[in-house]
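Right, one structure below, let's go through it.
All of these numbers come straight from a predicted model, not from anything done at the bench.
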Amino acid sequence: MKKYILSENTKVANELIQTEKTKIAAAQKFLSLIKPLGFDGFTSWSEIEDTLKQVYPKATLLFNIQAQGIEQEYNEAKEHYSRFGSFYRFEPFTEEEQQEITENVKVYTTSEAQNEVYGIVHRVVDDLNRLKELGLDLNVNGIHEMHRLFAGHNRDKPAVRVNTRELADYIKRIK
């Protein structure tokens, strides 16, 4: 069964994609901040602290980072981790993930009846645009006045039919 896209929220998709890219940028920034501390990668903040305390194992962390002359670098990295650590993304953001996000914000038809309604409505719109080209007044007020061109009731078969007298009067006004 063919599916038609009923709606697509590209703004949400773009925001989600940008969020993932921001997570990666934050992680890259963090990695650049811990490099001067002697780390090429990251697993946990406690691992950083435990490693930094190995120079003087019996001393405090503060003494160790001061003794190594990395107090400012440590504080910058810790501040960044405190603010953004829960958002870090270290793995690459793939094209497949981006496509999945884009796909997840789309709403599709799910039945043949929905497909048929979709097609009919698009044909009606195309026909209304053609009627406008032919001189039928199809602004909002014009469409409202067009109701006289149709007759019928839900009990009728078919429920809607052309009101030929009104149609004739309407057509006569077209130049």
Hydrophobic cluster identity match, [X] and [Y], side-chain contacts under 4.5 Å:
| X | Y | answer |
| --- | --- | --- |
| Val125 | Ile120 | no |
| Ile34 | Ile24 | no |
| Trp45 | Phe90 | yes |
| Ile5 | Ile101 | no |
| Phe42 | Ile65 | yes |

At what distance, to the nearest 0.5 angstrom, does [atom1] of [X] lie from [atom2] of [Y]?
| X | Y | atom1 | atom2 | result |
| --- | --- | --- | --- | --- |
| Asn9 | Asn104 | CG | CG | 12.0 Å |
| Ile17 | Gln99 | CD1 | CD | 9.5 Å |
| Thr110 | Asn115 | OG1 | CG | 8.5 Å |
| Ser46 | Glu49 | OG | CD | 7.5 Å |
| Glu97 | Glu95 | CD | CD | 10.5 Å |
| Asn14 | Gln98 | CG | CD | 8.5 Å |

On a heavy-atom basis, which atom in [X] and which in [Y] lie closest, and how many Å separate them?
| X | Y | value |
| --- | --- | --- |
| Leu33 | Leu37 | O-CG, 4.1 Å |
| Ala59 | Phe63 | CB-CD2, 3.4 Å |
| Thr109 | Met1 | O-CE, 4.2 Å |
| Pro36 | Glu73 | CB-CG, 4.1 Å |

Subject >> Residue pair Gln66 / Tyr74, side-chain donor-acceptor N/O under 3.5 Å >> reply: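 Note: Gln66 and Tyr74 side chains miss the donor-acceptor criterion.
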
**OP:** Go through the steps to decide whether Glu71 and Leu62 satisfy the test side-chain contact (heavy atoms from CB on, under 4.5 Å), and finish with yes or no.
**Re:** CA-CA 8 Å; Glu71 186 174 6; Leu62 179 60; 3.8 Å; yes

Taking everything shown except [X] itself, do over 12 heavy atoms lie less than 6.0 Å from its [atom1]?
| X | atom1 | value |
| --- | --- | --- |
| Glu116 | CD | no |
| Lys29 | NZ | no |
| Glu8 | CD | yes |

Sub-3.5 Å donor-acceptor pair from the side chain of [X] to the main-chain atoms of [Y], do we have one?
| X | Y | value |
| --- | --- | --- |
| Gln68 | Leu52 | yes |
| His122 | Tyr118 | yes |
| Asn64 | Tyr56 | yes |

**OP:** Go through the steps for Glu20 and Leu16 under the test side-chain contact (heavy atoms from CB on, under 4.5 Å), then give the verdict.
**Re:** CA-CA 6 Å; Glu20 293 306 313; Leu16 291 171; 6.0 Å; no

Subject >> Member of Lys2, Glu103, Gln114 meeting the side-chain hydrogen bond (donor to acceptor under 3.5 Å, both in side chains) criterion with Tyr108 >> reply: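 Going through Lys2, Glu103, Gln114 one by one, the side-chain hydrogen bond (donor to acceptor under 3.5 Å, both in side chains) with Tyr108 is satisfied by Glu103 alone.
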
Is any side-chain heavy atom of [Y] closer than 4.5 Å to one of [X]?
| X | Y | result |
| --- | --- | --- |
| Phe30 | Phe84 | no |
| Phe39 | Thr51 | yes |
| Thr19 | Phe87 | no |
| Leu134 | Arg130 | yes |

